[in-house]
Structure formats: structure tokens, C-alpha cells
Amino acid sequence: MSLHQIAVSHSFLLSSRSAYTLNPLLFSKRNRFRISLSHSRFTSIKHRSFAVAVSDNGIFTSPELAKSFDFTSEERIYNWWMSQGYFRPKFDWESDPFVISMPPPNVTGSLHMGHAMFVTLEDIMVRYHRMRGRPTLWLPGTDHAGIATQLVVERMLASEGIKRVELGRDEFEKRVWEWKEKYGGTITNQIKRLGASCDWTRECFTLDEQLSRAVIEAFIRLHEKGLIYQGSYMVNWSPKLQTAVSDLEVEYSEEPGTLYYIKYRVAGGSRSDFLTIATTRPETLFGDVAIAVHPQDERYSKYVGKMAIVPMTYGRHVPIISDKYVDKDFGTGVLKISPGHDHNDYVLARKLGLPILNVMNKDGTLNEVAGLYCGLDRFEARKKLWSDLEETDLAVKKEPHSLRVPRSQRGGEVIEPLVSKQWFVTMQPLAEKALLAVEKGELTIIPERFEKIYNHWLTNIKDWCISRQLWWGHRIPVWYIVGKDCEEEYIVARSAEEALMKACDKYGKDVEVYQDPDVLDTWFSSALWPFSTLGWPDELAEDFKRFYPTTMLETGHDILFFWVARMVMMGIEFTGSVPFSYVYLHGLIRDSQGRKMSKTLGNVIDPLDTIKEFGTDALRFTLALGTAGQDLNLSTERLTANKAFTNKLWNAGKFVLQVLPNRDNVSGWQNIEACKFNTEGYLLRLPLPECWVVSKLHMLIDAVTESYNKFFFGDVGREIYDFFWGDFADWYIEASKARLYHSGDDSVALVAQTVLLYIFENILKLLHPFMPFVTEELWQALPNRREALIISSWPQTSLPRSTDVVKKFENLQALTRAIRNARAEYSVEPAKRITAAIVGSEEVIQYISEEKEVLALLSKLDLDNIHFADSPPEDAKQSVHLIASEGLEAYLPLADMVDISAEVQRLTKRLSKMQTEYEGLKARLNSPKFIEKAPKDVVRGVQEKAAEAEEKINLTKNRLAFLKSTVMLSQ
């Protein structure tokens with residue numbers, strides 16, 4: 001059968017799920033690969049073309065038509081996947097579903113590297129489990145982002161000269177919804193650009209009707225259990241936004257500030273009786289309720305129990321107390337206690353039973369408690385107060401001091417600790433169950449070290465402030481009675497109608513009610529995300545029954561407390577189940593120098609710009625090579641290297657396509673279809689290179705599958721990369737050319753074709769979760785694809801392999817490397833074929849000699865002058881002796897490699913030059929002035945250069961001696 005006649009018809013299409021069975025006839029002794037590399041028997045496989053088949057639908061492009069993978073085709077491929085419904089879970093697969101709830105990005109968001117990281121990792125998991133045959137659901141959605149969205153719309157209105165309060169609440173909410181409809185899909189479209197195979201038909205928004213119903217239900221149930229209460233407590237207050245903000249929305253920055261030293265006179269004492277206070281916020285002194293010193297501080301013990309006069313307050317007195325909380329070494333060792341404006345002071349005041357005094361309005365101006373300073377902005381008041389203290393001789397001094405300033409993540413303003421009436425959730429009973437879930441193994445946190453952080457936070461948890469003074473968000477389902485005390489008389493209801501009905505039942509038909517103006521913290525609705533998106537509180541909802549509890553929650557380690565732990569608590573509370581089995585935490589993306597990306601540093605890398613330059617696959621592969629929980633340094637060098645990996649994959653696909661039989665060659669494809677590598681008997685009948693590469697593939701499949709299952713994605717990427725580039729591309733593809741182009745035996749070529757196809761399509765499967773676009777493009781270019789790669793079956797594990805054959809081929813590799821190194825060392829012309837004598841034991845010589853043609857091709861040896869023996873040749877002393885491995889050596893006649901006389905002359909000149917350079921270095925080192933005056937690192941550098949030069953001189957001398965001895969022996 002001629003290879004030029006191989007063809008296939010549609011009746012013999014090869015399914016991606018089909019088995020490979022080797023035709024035993026190909027491995028009879030008669031056909032045991034008697035390959036000749038002589039030029040007289042040179043046979044070439046003609047290049048095949050499958051480009052028409054893959055481009056018929058206008059979606060895919062064959063490597064035979066394109067020099068490299070075109071990134072612009074990524075969106076076409078993605079839209080095709082979506083149109084085919086591949087992202088939706090398939091229930092015809094009998095397996096437990098794999099479910100991930102996407103961390104909902106803010107609806108105001110724009111794609112950054114943090115998004116790219118979570119999309120990459122989650123999509124890897126989803127694509128892997130989809131190929132494993134599990135019904136797979138990745139549920140996407142966006143968060144209404146109360147503060148961020150309200151800020152965006154307020155700025156938009158401000159540009160039109162409109163203020164929020166002028167519009168009124170209803171009209172403002174209408175404008176926000178209009179903005180959301182117009183711009184809210186930006187982040188979703190950008191996430192799609194990364195290849196996210198989410199089920200977009202189930203996309204959710206935290207203000208959707210269903211999710212809003214879940215939020216109200218959760219509030220009501222918690223309130224009915226006595227876990228939600230209203231009270232006045234210390235919160236993070238944003239004066240500009242006029243709302244409480246969560247701890248997550250407060251960022252601390254080290255900034256230069258001032259430490260002010262102020263005199264507090266002791267009541268009833270002389271002018272010398274005073275305490276000096278050191279404070280960074282003098283304007284809060286109007287809220288002082290006590291002065292504290294350490295019990296063991298002898299400097300101030302005589303004043304304990306007396307009263308101090310608060311400056312600029314017309315003689316207001318506060319007690320001087322002692323408490324171990326005071327740091328004797330900070331400032332003067334005297335602490336002013338302002339519990340209305342400091343978190344630590346607030347805790348101390350509550351412990352000691354001190355009153356809470358608030359001196360600040362919601363807008364950051366001082367109130368009537370500040371007397372003459374009432375109405376001044378807090379920072380203006382600070383300046384004026386210090387000036388007045390200086391005039392009254394109560395200002396001691398001020399000095400520079402580094403401050404840890406709390407700023408709003410959204411507006412950038414300084415956050416004010418403030419006591420405010422808010423709604424809170426009692427967290428301790430919920431936290432106890434969440435702690436138990438990890439202890440009992442119901443929840444696994446990856447990496448494990450974050451369990452300690454999780455446990456510490458839940459053990460020391462504080463009640464959660466869930467109310468926000470905003471207009472955009474889930475309105476708190478609480479109604480008040482007109483004319484009644486808000487804290488004592490209120491109604492919790494699912495709707496205004498229900499609230500009015502309850503009020504009428506209790507207070508009569510003429511009662512009037514009004515709803516609490518506050519909204520719930522955005523994190524409250526996010527805490528319900530894994531189950532509210534599946535239909536809860538309707539526990540009979542089809543999606544809830546099928547997909548809850550979910551499998552995996554993947555997110556950044558920085559929101560382990562604020563989101564992950566709260567989801568665990570709420571999931572257990574409302575559904576009785578931990579909402580997911582695993583939590584996978586990724587690290588931050590940093591620049592190449594390990595710095596956090598910021599606009600200030602100018603080191604922000606835009607994912608969309610990166611995709612345009614390097615492609616989505618290269619970006620994804622780069623991000624996925626990190627380690628769980630650890631930060632990843634991203635550089636253009638890494639991206640460039642992985643773009644080259646994409647191109648290498650493309651070129652390998654081009655080669656495989658070119659050497660496969662024509663599409664219409666029935667008998668050729670019948671033989672390929674009959675090939676199967678899943679039994680040891682068939683595997684061991686393969687020639688050495690083929691048995692080696694198939695064995696290595698089977699080992700790779702097991703290793704990669706195990707790493708996928710353990711969520712070791714960095715290991716997966718490196719293992720596939722090393723096999724593809726190091727084993728398949730660099731070795732087997734090159735070895736296969738001996739079969740394809742030089743054998744003159746169609747059966748031998750057919751085996752190489754079959755192995756190339758088998759290896760390459762399995763590489764595409766293993767790599768698809770990481771690099772979905774280029775792998776799908778290449779898969780579709782391969783002939784006889786009955787289904788898309790995205791839904792193809794995962795390679796079978798525990799397939800046969802031969803470790804003995806692997807060791808044998810490693811010997812062949814070692815021999816090839818040794819010969820290649822010798823050629824490079826002696827500067828042998830690349831095209832020159834040289835003679836070689838291969839020496840080894842009978843067993844080694846037998847399997848090496850069977851691959852004589854491969855060795856000749858890979859090492860550029862003269863096929864007619866390769867000799868195999870069990871002892872060194874007669875001209876051994878005139879040859880370069882190579883030890884490849886134990887029991888395997890090679891002798892390369894020197895005269896066959898180089899012109900010995902010319903080489904002696906070249907090396908003699910080179911030696912003279914090296915000696916001159918070496919003497920110059922030694923002269924510097926022998927100079928006392930140089931040693932004494934030059935920097936140590938410079939001296940060390942010269943010493944290293946001298947040592948290196950000396951080593952090169954010795955090597956060159958030995959080489960010259962060897963060449964000269966060879967000349968003498970030949971004479």
C-alpha cells in the first residue's frame with residue numbers, strides 16, 4: 001500500500017472517544033522496522049491539507065493556512081461554544097455535578113488581573129471536570145456594589161449639575177437602573193474574553209427579584225431567631241458618603257502626620273500640676289471622658305483619682321484613672337479616652353463603664369459639644385484648635401509622626417470612627433457552626449495554612465454591622481410606626497403591604513408606617529450567593545435540588561473573612577449544609593519586581609491589552625503556573641515565553657497535519673483507527689521511540705490527572721509543558737522523521753503517524769483547561785473530529801507503560817546529547833555527517849542498533865559509517881571518547897570531525913590571547929593598591945574572572961595536547 005494513496009471516507013470517521021488498537025500485522029518480525037537512511041531509498045511523506053474541512057463553518061482555521069494562531073479568532077471560537085450550549089450542564093452524564101459559584105464582580109467593575117486570575121483558575125476546574133464527564137455548572141453573576149455604584153452615578157449626575165437629594169430617592173434609583181442597563185454588562189463581556197465557560201443562561205445580579213427575595217427572607221429569619229438587633233455602636237463612618245462602611249472597604253496607609261503634645265491641668269492643683277497628652281487628633285479632645293495612666297507608672301500615680309480639666313471646654317472635668325491598657329512608652333505615657341471617636345477607646349470605655357461622647361456630625365464637621373468650634377470641618381478645627389492652644393500656653397510641642405490612616409476604599413477620604421445607630425447581626429452562634437465545619441472535615445481550605453487564619457477570625461468574631469446609609473441596595477425590611485419610638489416600635493415584614501397589615505392588627509386601622517431608609521451591606525446579599533442563585537428560599541427549586549451544596553469556592557485570600565466565612569455561616573444557618581466542600585484561595589498578582597500593582601507606581605498591567613499582544617491562552621497559562629495562596633509576579637518575559645509555547649504547539653500541529661494520510665484514504669484511516677495503546681502487549685510491540693513516548697504520555701496522564709484532582713494547577717502546567725516541549729517536540733517529532741521521510745516502508749510510517757496523532761490529541765486534551773482557544777482550534781483542524789474538544793472525554797488513566805523502555809530510550813538520548821555536545825565543542829559544521837563507533841554490552845548494542853536510523857538523524861552521523869561493537873575500535877586513541885551512560889560509550893574519529901592542523905593553529909592563537917588576559921587579571925590582583933582601595937565586590941569579580949580564565953586555559957591546553965598527540969599517532 002502506498003502512503004500516497006491512504007484515504008478515509010466519512011464512514012470511517014474517528015471519534016475522539018474511540019480506542020486506539022495497534023494492528024498486529026505491523027509488528028511481525030518481517031515488518032519489524034528495517035529502516036534505511038541511504039539516499040537511494042529516500043521516501044517523503046507528502047504534505048496533507050485539511051484546511052477546507054476545518055474552515056467550512058467559518059469559525060476555525062487550520063495551521064496549514066496560518067503561520068501562527070490568530071488571537072482574533074478567540075471571540076469566534078467562544079461564541080461558537082456558547083451557540084452550541086457547551087457551557088450548560090448535561091444531565092445525561094451519570095455523575096455528581098461539579099458546581100462553582102463565580103465570585104460576583106462589581107457591576108461597576110472593569111477587568112483587572114485579579115479578575116483574570118480567578119476566571120483562569122475557575123475555568124480550568126470547570127473545563128477539567130466537564131471533560132471528566134461530570135455535569136458541570138459554573139454560575140456567573142455580578143454584585144450591585146452599593147457604595148461603588150452610587151458613587152459612579154452621583155458623579156455622573158454631578159457632571160450634569162444635579163445632586164442626588166434634589167432628585168429624590170425613587171428618581172435616583174431609576175437613574176441607577178438606567179446606568180446599570182447601559183454600562184453594567186462591561187465586566188461580563190470582558191470576563192467572556194478570558195474564555196470563561198460559565199452558564200450565562202443562569203447569570204444572576206444581586207438585585208434580581210429572586211435574589212432580593214432571598215435577602216429579605218434571610219433578614220427576617222435571623223431577626224425571628226433574635227440574631228438581628230438595632231443599637232448604637234462604633235462603626236467606620238464615611239463623612240463624604242454619609243454611611244457606615246465595612247472593614248473591607250477601609251484601607252490603611254502609612255502617611256506622614258503630626259503628634260501634638262497638649263497640657264491637661266489637674267483640677268485643684270498648682271500651675272505645675274498638669275499632665276501632657278500626646279495625640280494625633282487633637283480635635284477629638286472635646287469628646288474626652290477620662291485621662292488614663294498605667295498603674296505602675298510612678299510619674300503619675302499621685303494624680304490617679306483626681307480630675308483633669310479638658311482644654312478649651314470652659315473647665316469641663318474628667319477623671320484621671322489607671323489601667324494596664326495604657327502604653328507607658330508611647331508619647332508621654334498619658335492617654336486621653338475619647339470613646340466616641342476611637343475603636344480602642346470605645347472598647348475600654350465600655351469595659352470601665354465610661355460615658356460615650358460624640359463631638360462630630362455625620363458630614364465630618366464638629367457639633368455643638370465642641371462649643372466655639374461647632375460647624376468647623378474636622379481638619380479645619382484641628383488647625384484652629386492648635387493655634388488657640390498655643391495662645392493659651394496649653395500647647396507643649398508638635399513633632400512629625402508616621403500615621404496609619406484609615407481611608408475609604410471608594411472615595412479615598414479619611415474614615416471617622418463614630419458611634420452610630422445601626423443594624424447588627426449577632427455572629428458568635430453562627431461562627432461556632434462554621435468553625436465546626438472545618439474541624440469535622442466538611443470544609444477543606446486550600447492551602448491548609450489559611451485554616452488557622454479562618455479559625456482565629458471566627459473565634460474572635462465581632463457582631464456585623466449590616467446597615468448602610470445609601471439609596472442603592474436592598475432596603476432593610478423594617479417599618480416604623482409614625483409617632484412611635486423607632487428603637488422600641490418597629491415591624492419586620494416581607495413587603496410594605498404585609499408591614500401595614502401587621503401594624504393595623506397591632507395599632508388600629510388609622511396607623512401609618514414608613515420604611516427604614518437604610519439598605520443592607522452589599523456583603524449581606526453576597527453571603528447568600530451560593531444558594532440564593534440556585535433558587536433558595538424555595539428549596540424545591542430544580543437547580544437547588546440538583547446543584548446545592550456546591551463543590552468549590554475559589555477566590556482571593558484577602559476576602560476569606562469578609563465573604564467566604566460569612567457564606568459558610570449563612571449556608572449552614574439557612575440550608576443546614578456547608579455551601580461548598582472546598583475553598584481554593586489564590587494570591588495577589590504583582591509586577592515583575594514583586595510590587596503591588598498601582599496607578600501611582602505606573603505598573604498596572606491591563607489584561608485586555610495583554611490579550612491583544614500575547615493572546616488569552618498565554619495569559620491564562622502564565623497566571624495558572626502560580627501556587628495556591630501565594631502571590632504571583634507577572635512579567636512580560638513570562639508572557640513572551642508562554643506566547644512562544646502557543647506558537648510551538650501550533651507548529652507541532654502543523655507538522656502532524658502535514659504527515660497524516662489524506663482524508664479520503666479509507667485503508668490508511670482504517671489502520672489508524674485499528675490502533676490501540678491500552679494493553680501492555682500492543683505497547684511492547686512498538687519500536688523503542690514510539691514505546692518510549694507513549695509510555696511517557698501514559699505516565700503524564702496519571703500525574704496530570706492526580707495534580708488536577710489535588711488542585712495543583714502549577715504542577716499540571718509545568719508537567720504538560722515539559723512533556724510537550726522536552727519529550728514530544730524536541731525528541732519524538734524529530735525521531736519520527738526517520739520513519740516518515742527516510743524509511744521507504746509504508747507500515748513503518750503508519751506507526752509514526754498513528755503515534756503522532758495519538759500523542760498530540762492527548763496533549764490537546766490535557767492542555768485544554770489551561771489554553772482553551774489554541775487547543776480547540778488545533779483539535780478542529782485534526783481530521784475526523786466528531787465533537788468539540790471542550791466536551792471530549794478526558795484521557796483514560798492507568799494505561800500501560802514500560803519503565804524498562806523509558807530507561808533504554810534515555811540511554812539513546814544520553815548518547816545523542818554526548819555526540820551533539822562533542823560536535824559543538826569541536827565546531828563541526830552543522831551539515832557534516834560524521835563517523836561513530838558505538839561500544840556497549842550486547843543487550844545495549846542490540847536496542848541501540850535497532851534505532852540506527854534515528855540515532856543517525858538526531859546526531860547527524862553518517863549512516864553507512866556507524867559501527868557497533870563490544871570493545872573500543874582500533875583508532876580509539878585518535879578519537880574523541882564519549883561516555884553516554886553506564887555501559888554505553890562512543891568514539892568519534894577526530895580526523896572525521898575537524899581539520900586537525902587548522903584546529904591546532906586556531907587553539908594556539910586562542911590560548912595566547914587567553915593567557916594575555918589572564919596575566920592582566922593576575923597583575924591587578926597582585927597589586928596592593930588595587931586590593932586595598934577597590935570595593936570588595938570589584939575585587940571579588942576580578943578574582944572570579946581570573947579563576948574562570950585559568951580553567952579555560954587548562955581546558956584549551958588539554959585540547960591542544962590531545963590534538964597534537966593524534967597527529968603524532970597518525971604519522
Side-chain angles (χ1 to χ4, degrees), residues 35-45 47 67 644 647-648 650-652 654-655 658-659 689 724-744 752 756 809-838 848-849 851-868 873 875 878-885 888-910 952 955-956 958-960 962-963 966-967:
I35 306 172
S36 170
L37 215 82
S38 64
H39 296 291
S40 61
R41 295 191 61 190
F42 184 92
T43 304
S44 175
I45 298 289
H47 290 180
K67 183 179 179 181
N647 290 335
K648 187 76 171 180
W650 188 260
N651 289 332
K654 183 178 294 188
F655 173 79
Q658 287 173 346
V659 302
F724 168 76
W725 205 303
D727 293 336
F728 182 63
D730 284 355
W731 285 97
Y732 183 68
I733 284 183
E734 294 307 311
S736 72
K737 293 174 183 177
R739 322 295 202 201
L740 299 167
Y741 300 145
H742 306 293
S743 70
L756 283 167
F809 191 79
E810 287 173 352
N811 276 342
L812 180 62
Q813 287 177 304
L815 179 60
T816 302
R817 290 192 187 99
I819 295 171
R820 286 174 174 176
N821 291 340
R823 290 177 64 100
E825 188 178 347
Y826 284 90
S827 303
V828 179
E829 294 178 6
K832 183 179 178 63
R833 301 277 171 176
I834 61 174
T835 300
I838 312 300
I848 294 292
S849 63
E851 297 304 332
K852 179 179 179 181
E853 293 81 1
V854 172
L855 177 64
L857 182 67
L858 298 180
S859 306
K860 294 187 178 177
L861 301 178
D862 183 352
L863 186 61
D864 295 328
N865 286 292
I866 304 177
H867 308 287
F868 297 93
D875 60 352
Q878 299 172 3
S879 301
V880 177
H881 179 207
L882 307 174
I883 300 176
S885 60
L888 180 60
E889 302 175 17
Y891 291 85
L892 308 179
L894 190 60
D896 195 41
M897 296 169 65
V898 295
D899 181 330
I900 296 177
S901 298
E903 184 68 4
V904 167
Q905 290 180 6
R906 186 183 72 83
L907 288 178
T908 302
K909 290 180 181 179
R910 182 181 174 188
K952 288 181 178 180
L955 287 173
T956 305
N958 291 338
R959 178 82 57 79
L960 271 171
F962 175 61
L963 291 170
T966 302
V967 172

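FYI, the numbering just counts along the sequence from 1. It should be emphasised that the depicted structure is a prediction, and the values quoted were computed from it without experimental measurement.
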Min side-chain heavy-atom separation [X]-[Y] under 4.5 Å:
X	Y	answer
Gln878	Leu894	no
Phe655	Leu740	yes
Leu858	Leu812	no
Leu882	Val880	yes
Arg906	Thr908	no
Asp730	Lys648	yes
Pro689	Arg739	yes

How long is the gap from [atom1] on [X] to [atom2] on [Y], to the nearest 0.5 Å?
X	Y	atom1	atom2	value
Ser736	Leu857	OG	CG	9.0 Å
Leu907	Leu960	CG	CG	5.0 Å
Leu863	Arg833	CG	CZ	9.0 Å
Asn821	Tyr826	CG	OH	12.5 Å
Lys67	Trp650	NZ	CH2	13.5 Å
Leu861	Ile819	CG	CD1	4.5 Å

Asp862 versus Thr835, side-chain donor and acceptor atoms under 3.5 Å =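 No, because no side-chain N or O of Thr835 sits under 3.5 Å from a partner of the opposite role on Asp862.
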
Within 6.0 Å of NZ in Lys852, more than 12 heavy atoms from elsewhere =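 Result for NZ/Lys852: enclosed.
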
CD (Glu825) with more than 12 external heavy atoms under 6.0 Å =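 Check passes, neighbour count above 12.
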
Could you give me the CA-CA distance, side-chain angles and deciding distance for Leu892 and Ser879, then say whether side chain to side chain contact (heavy atoms under 4.5 Å, CB included) is met?
-> CA-CA 5 Å; Leu892 308 179; Ser879 301; 5.6 Å; no

Where do Tyr732 and Leu756 land on the side chain to side chain contact (heavy atoms under 4.5 Å, CB included) test, with the steps shown first?
-> CA-CA 8 Å; Tyr732 183 68; Leu756 283 167; 3.6 Å; yes

Side-chain donor/acceptor of Arg817 to backbone N/O of Ala884, under 3.5 Å |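 Side chain of Arg817 to backbone of Ala884: no pair is present.
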
Full working for side chain to side chain contact (heavy atoms under 4.5 Å, CB included) between Lys860 and Ile834 = CA-CA 7 Å; Lys860 294 187 178 177; Ile834 61 174; over 6 Å; no

Ring geometry between His881 and Tyr891 (parallel below 30°, tilted from 30 to 60°, perpendicular above 60°) =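 The arrangement is parallel - the two ring planes meet at less than 30°.
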
